[in-house]
4 protein chains.
Amino acid sequence: MAVGFNSALIVGAGSGLSAALARAFNGEGVKLALAARSTGDLAALAQETGASVFTCDASKRTDVEKLFADLDGGFGAPEIVVFNPSYRTRGPVAELDPAEVEKSLMVSAFGGFLVAQQAIRRMLPKKSGCIVFTGASASVKGYAQSAPFAMGKFALRGLAQSLARELSPQGIHVAHFVIDGGIRGAGRSDDPNKPDALLDPDAIALNYLNILRQPRSAWSWEIELRPWVESF
Amino acid sequence: MAVGFNSALIVGAGSGLSAALARAFNGEGVKLALAARSTGDLAALAQETGASVFTCDASKRTDVEKLFADLDGGFGAPEIVVFNPSYRTRGPVAELDPAEVEKSLMVSAFGGFLVAQQAIRRMLPKKSGCIVFTGASASVKGYAQSAPFAMGKFALRGLAQSLARELSPQGIHVAHFVIDGGIRGAGRSDDPNKPDALLDPDAIALNYLNILRQPRSAWSWEIELRPWVESF
Amino acid sequence: MAVGFNSALIVGAGSGLSAALARAFNGEGVKLALAARSTGDLAALAQETGASVFTCDASKRTDVEKLFADLDGGFGAPEIVVFNPSYRTRGPVAELDPAEVEKSLMVSAFGGFLVAQQAIRRMLPKKSGCIVFTGASASVKGYAQSAPFAMGKFALRGLAQSLARELSPQGIHVAHFVIDGGIRGAGRSDDPNKPDALLDPDAIALNYLNILRQPRSAWSWEIELRPWVESF
Amino acid sequence: MAVGFNSALIVGAGSGLSAALARAFNGEGVKLALAARSTGDLAALAQETGASVFTCDASKRTDVEKLFADLDGGFGAPEIVVFNPSYRTRGPVAELDPAEVEKSLMVSAFGGFLVAQQAIRRMLPKKSGCIVFTGASASVKGYAQSAPFAMGKFALRGLAQSLARELSPQGIHVAHFVIDGGIRGAGRSDDPNKPDALLDPDAIALNYLNILRQPRSAWSWEIELRPWVESF
């Protein structure tokens, strides 16, 4: 079943999840734009998936405005937008650096707003589009010694829920994934005695595609995913 | 992508959602058994989908034991089990008939336990299988003048969550759908001025299939579905 | 500050929490009725608190109707009703006895309905009263190997939430406590190296009184309580 | 029953709720410090309650550090800290000013972190203290056309939950109030035909005091308050 959209922008494209999404979208014939703060490592993925690549710090208003202006000038307005960036810092609350806490809010949540706003302005006239936010366990549970990540991810979830209420009746699908476990890759590999205890990026990507395939009479706004052996 | 299972039992098979699920499973080549309290209306669907039909009041222990014994004798143990029955009564709490409240608990929740237990006993040796419970808005929100439905559906959700925690690490996928809106059919049809304001049974069925397709590294235990224009 | 009510019925009066509540109510000058399935152990508490004692299996409709008829004949309609009974059985789901699961639903949830309905019929004409349901960790989290308790406590929570929505605007305060930890007493005593790791029944009772004291412009319907060292 | 603490700092002291809290604390013999961005209107309240007054923009790190340094120099470290500031902007997401969205995050959430961190550094050596965050309906529900408020209040809730998990076992009580309705005052007065449909600030303050009175064996981390006639 086709995903029903022709183009996608993935923001925070440097992660293993983003790479899996890029390949999954490409496999569906969806034209791709990849945006990341640092694009040096994206050349191979771009080549493999035919993606256009853009440099963008999503927590910076001017960067995000420039990204969408650039897209307008060639790629066109993306019909799907996936927002993946996050930033975290850990430690006893008494020892946290306030600048790092601010950065957590700016990257994980404010960046999500900036990207969503630009995308929505372009989706509203067509009354169509899909925006997907990537959350984490910390989106719904504030862990000890991890207040900054909880702050950023809770805020992103508040944004996603508010946008879902506002935009669904205007034809724009807003979805929020709670990735409740570690993701395979980036130095994390499965314990051979505990297979599939890490989320496979391709398995996550399959679920993102399935959300895009939902007919509008049966939309989800939030989906949680966790490995079969993960405690919750 | 294949659903990865060969046989399914749908309990509470008389609803429009169950019919859509039956057709969807059949379309995937999954062998079907349909169980309902009253099977008089299931002949056409059974013929269409090649399903075996069983009479079973899922809130009765002996009925459920007989159902699975009968399955053992021919159809075999179902690899997928969908539990759909529910019963509700509405009205000011002061005026409710206690017998109806008890029935709500028995049909919506206790029946779910009875069916799940029989299914699980047969799935555990294979460390494989999928059990899907169908919930409603009332699964997560207790509405005024609707305490019995809330009681039954909250209880079913408690069952599903507990089973997910217990059985996921044993290879059995347990999922709970929150159907947050009216379902098209059974006398409910769309307002032409408000298209897709009712959940299309086929759209719901698509989502059930997609849960069955999830690799075990990225399972959902709960999925909410609502029409694009539904307020929440 | 006075609790603002003159009489209370505690159902499930045999527990240590109920005894603490009885003493707390008595300390506020609230007239007391205690109901339990077995009242043999309640003599001392009744004497101490001046309570009337009634035998009642709260999961039985005729028992509950008789209890309130008896109250009508002398004690009067209670202005406060606390519902404490619960029943649980544990074990791998495949091994649970269905009769025990049914009993969990009947005692923990259906009994709550029966008692609440009788109480509400008497509160509605006065547009006043308070009903408090005692929940547990299992009210909001379904644990592995504990499906029956989750079913009963989730259902009770659904009842409480529905009643709060229905009855608050009619002047009746409905509250649900989530007791998230072990309660001191009944053979459970504190580890001297881990003081206050169990909930003190008197500390819980203080919180129940404080809910009764809430002015109607600022009511809570759900309150969670846990020991300072309890993980959650 | 005494609240068990001797001193309190209220941040965001200019609101009607803060004034009610100041009077309630003063009534319990608790020494008071009031902090607000603009303190011009606080003279009468300070005189009435004997409070010390401090100018502080809680979203500014240097302001918050100076506030606590000033307190250290005379008032002493507050044993209770209440964080009340919030900032919101409303409108269709496409039309929101990003600078206003950033301000919502900074005032409602980052300010909460800055104040909590300074307070906690002073509470940890004593293994005692209480930090209360004031939330809103938007803390748990993201409304359409109100994404910025949801972002700020969700983030504050994530902070509060994380701090509760981290600090409760160290003797510091962290609580988060969900004020689910309009507060009387500041131009909002009750409809005479709908009495107590707005939260009375004194009723809220009573609930804050009651949280301070909780023994450590039965702490709440989250408490929701709403008027009896508020739908939810």
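Order of the sequence lines sets the chain letters (A, B, ...), proteins ahead of strands, with each chain counted from 1.
- More than 12 heavy-atom neighbours from other residues, nucleotides or ligands sit within 6.0 angstrom of CZ on C/R122.
- Going from atom CG of C/L225 over to atom CD1 of D/I223 covers 9.0 Å, rounded to the nearest 0.5 Å.
- Heavy-atom contacts from other residues, nucleotides or ligands closer than 6.0 Å to CG of C/D72 number more than 12.
- With rounding to the nearest 0.5 angstrom, the CD atom of C/Q214 is 15.0 Å from the CH2 atom of D/W228.
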Tell me, with the steps shown, if D/E230 and C/W219 meet side chain to side chain contact (heavy atoms under 4.5 Å, CB included). CA-CA 10 Å; D/E230 184 81 18; C/W219 277 355; over 6 Å; no
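- For the atom pair CZ (D/R226) and OG (C/S220), the distance works out to 8.0 Å, reported to the nearest 0.5 Å.
- The shortest non-hydrogen separation linking C/E224 to D/E222 is OE2-N, 2.8 Å.
- Looking only at distances, a side-chain donor or acceptor of C/R165 sits under 3.5 Å from a matching main-chain atom of D/F232.
- If you tally non-hydrogen atom pairs under 4.5 Å between each of C/G181, C/P169, C/A164 and chain D, the highest count goes to C/P169.
- Your options are D/A218, D/P195, D/A203, and the one with the most heavy-atom pairs under 4.5 Å with chain C is D/A218.
- For D/D200, the parts lying under 4.5 angstrom from a heavy atom of chain C are both the backbone and the side chain.
- Only the backbone of D/L198 comes within contact range of chain C, with at least one heavy atom under 4.5 Å from a heavy atom of that chain.
- Between chain D and the residues C/V229, C/D190, C/L199, the most heavy-atom pairs under 4.5 angstrom are made by C/L199.
- The two atoms that bring C/L206 and D/R213 nearest to each other are CD2-O, 3.8 Å, heavy atoms only.
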